[in-house]
Number of protein chains: 2
Amino acid sequence: MKKPILFETGCHHCNVRMNSVFNVLEGDHLSEMSMHKSCNIYKKGQYVFSEHGLPTGLYCINSGKIKIATTGYDGKEQILRLAKSGDIIGYRALLSNERYASSAITLEDASICLIEKDFFFRSMETTPKLMFEVVKKMSRDLKEAEDHIVSLSQKNVRERMAEALLFLKATYGLEEDQQTILVNLSREEIADYVGTSTESCIRLLSEFNHDKIIELKGKKIKIINLPLLIQTANIED
Amino acid sequence: MKKPILFETGCHHCNVRMNSVFNVLEGDHLSEMSMHKSCNIYKKGQYVFSEHGLPTGLYCINSGKIKIATTGYDGKEQILRLAKSGDIIGYRALLSNERYASSAITLEDASICLIEKDFFFRSMETTPKLMFEVVKKMSRDLKEAEDHIVSLSQKNVRERMAEALLFLKATYGLEEDQQTILVNLSREEIADYVGTSTESCIRLLSEFNHDKIIELKGKKIKIINLPLLIQTANIED
DNA sequence: TACTAAATATGATATTTATCATATTTTAAT
DNA sequence: ATTAAAATATGATAAATATCATATTTAGTA
């Protein structure tokens, strides 16, 4: 059932580049970049980088889903962001010259490039467009974080849980055949994103199931009443 | 009792520049900048920019305290950030070429410069150092937002309230004579930052008062047992 | 396949927090 | 200075959520 992992050799031929901040790079610059990056394969559950570690470069996801999480109080994990193919990760610590404040852990087998720190900084300096791309990415992440703050402050757990399912669908999409949410997060991990207890998370999913909003097939979640889910999430506009 | 407002004319003589992202600019560039900025005086409670509006430039605070807030569900205000002298505000929407997602409202009389959009973008392109400064500022704000997410997800209201008082102290400092927290936020506004109801906010401050952690002098808050406040906030390291 | 550990599920209960009600104090305007 | 409005304070109660306990199911492994 495992998907084949593509080994990327040159940035010219990279099939995710145009979906990444590097879409603005051209010709020679790309050849040069190929010399300053390495590509690695990660097994499901592996750390790409760890909290408190020092960044050595910028990670760019070729394939695979990643969670960005930090250790909160009493060691409880907090999922801050989810990343996918084309996303750069670990850029915040790199840009502000700090240690990582969070860890990146693969949710499935993944292939991720590491672009050398020095080369990346030089590229940004010589190619303002690249820097603007990075800035735009950071802007989106900041906006998302602020939306999350409003949600955590003002919505109840039921609403946030519905919102989280919509977020997962928007981020990773649906499985082609089953139409289930295309990410293998445990109930605990969903709880760690929503900001609730594992039991409450399980209970609410069970309630959504009874209410015919979703259908639980094993650990897979299928959205069967999207309008009702949107209504449950209490989303406006 | 009002503080005198300084009218800044030239960026050369700006007394907050070295505390701002513009500390990296020099000579001619500064003279040019003086031609592309305007300085405005705002009364307490005035909007600097509003949610859904289009950015026309970058705001840089000369003096005065500002809250950055967004309208949440059922119109409830959410305070996302607090800004002070030297801080740039409204940069996120400007950089990502979007409408403002939040409003900036003065908490006291303020003096704020507006740097023309085009000039600012040109400056960032010609002076990568300036762009790096902006990136670093955004990094800090993103980090702060993520810390806030962890706090909202994992701490109870009592802990968050203690944390908020420490945050206010760290951000704006203490009144010289009274040693009270140097910002005039109403209980409702504190609640809008902490993510709780106004009543719970009032009740907790009252409890802290009884517990001799703080002292309430009218609407002023004096921290009288800092170690206990830190302990109440449940802060590590 | 059988077995063990982990994950999911659900009930009972305790705790936290919001909401409603109302009193008191402070602030601002006339 | 007086008055009205707003902000703060506090009690009572309801609602939301966490925690603890214990099944049941699922997944991984010998």
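Letters A, B, ... mirror the listed sequences (proteins, then strands); counts begin at 1.
- Annotation: B:K212, atom NZ; neighbour count of heavy atoms from other residues, nucleotides and ligands within 6.0 Å does not exceed 12.
- In terms of phosphate contacts, A:R158 brings no side-chain nitrogen or oxygen within less than 4.0 Å of OP1 or OP2 of D:dA16.
- Using a 4.0 Å heavy-atom cutoff across all strands shown, B:T196 reaches sugar-phosphate atoms only and no base atom.
- Rounded to an integer number of Å, the gap from CD of A:E188 to P of D:dT26 is 19 Å.
- One atom, CD of B:Q154, and another, P of D:dA18, lie 12 Å apart when rounded to the nearest Å.
- Comparing B:C201 and B:K44 by the nucleotide of DNA chain C that holds the closest heavy atom to each, the one mapping nearer the 5' end is B:C201.
- Taken to the nearest 0.5 Å, the CG atom of B:L80 stands 4.5 Å off from the CD atom of A:E146.
- DNA chain D is contacted by both B:S153 and B:R187; B:R187 maps to the nucleotide lying nearer its 5′ end (nearest heavy atom per residue).
- Remark: C1' of C:dT26 and CD1 of B:I221 are 15 Å apart, rounded to the nearest angstrom.
- Of the candidate nucleotides C:dT10, C:dT17, C:dT8, C:dT8 has the atom nearest to the side chain of A:S186.
- Following rounding to the nearest Å, B:N156 (CG) and D:dT19 (C1') show an atom-to-atom distance of 14 Å.
- Of the residues near DNA chain D, A:G218 and A:G195, the one whose nearest nucleotide (by heavy atom distance) lies more toward the 5' end is A:G195.
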Q: May I have the step-by-step check of salt bridge (charged side-chain N to carboxylate O under 4.0 Å, His left out) for A:E175 and A:K222, ending in yes or no?
A: CA-CA 9 Å; A:E175 212 121 21; A:K222 181 174 182 175; over 6 Å; no
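- By the neighbour-count criterion of 12 heavy atoms within 6.0 Å, atom CD of A:E159 is densely surrounded, having more than that number from other residues, nucleotides or ligands.
- Residue A:L205 is out of contact with every strand shown, counting any heavy-atom pair closer than 4.0 Å.
- For A:K219, a side-chain nitrogen or oxygen approaches OP1 or OP2 of C:dT8 to under 4.0 Å.
- For the pair B:E207 CD and D:dG11 P, the computed distance is 11 Å after rounding to whole Å.
- Around atom NZ of A:K169, no more than 12 heavy atoms belonging to other residues, nucleotides or ligands sit under 6.0 Å away.
- End-to-end axis angle of the helix from C:dT1-D:dA30 to C:dT30-D:dA1, from C1' rotation axes over five pairs per end: 50° (rounded to 10 degrees).
- Among the nucleotides C:dT10, D:dT8, D:dA18, the one closest to any side-chain atom of A:S200 is D:dA18.
- Checked by distance alone, B:R203 brings a side-chain donor or acceptor within 3.5 Å of a matching partner on the base of C:dT19.
- For the pair A:K143 and B:E98, the salt-bridge criterion is not met [side-chain N within less than 4.0 Å of a carboxylate O].
- Note on A:S206: a side-chain N or O is less than 4.0 Å away from OP1 or OP2 of C:dT10.
- With C:dT10, D:dT17, D:dT10 as the candidates, the nucleotide lying closest to the side chain of B:I202 is D:dT10.
- Rounded to whole Å, atom C1' of C:dA7 lies 12 Å from atom CG of A:N184.
- We find that CG of B:N209 is positioned 8 Å from P of D:dT10, with the value rounded to whole Å.
- Within 4.0 Å of B:S197, counting heavy atoms only, lies at least one base atom of the nucleic acid.
- Classification of the B:F167-B:Y193 ring pair by plane angle, with boundaries at 30° and 60°, yields parallel.
- Rounded to whole angstrom, the span from the NZ atom of B:K217 across to the P atom of D:dT8 amounts to 18 Å.
- Looking at A:T71 and A:E51, their side chains do bring a donor and an acceptor atom within 3.5 Å of each other.
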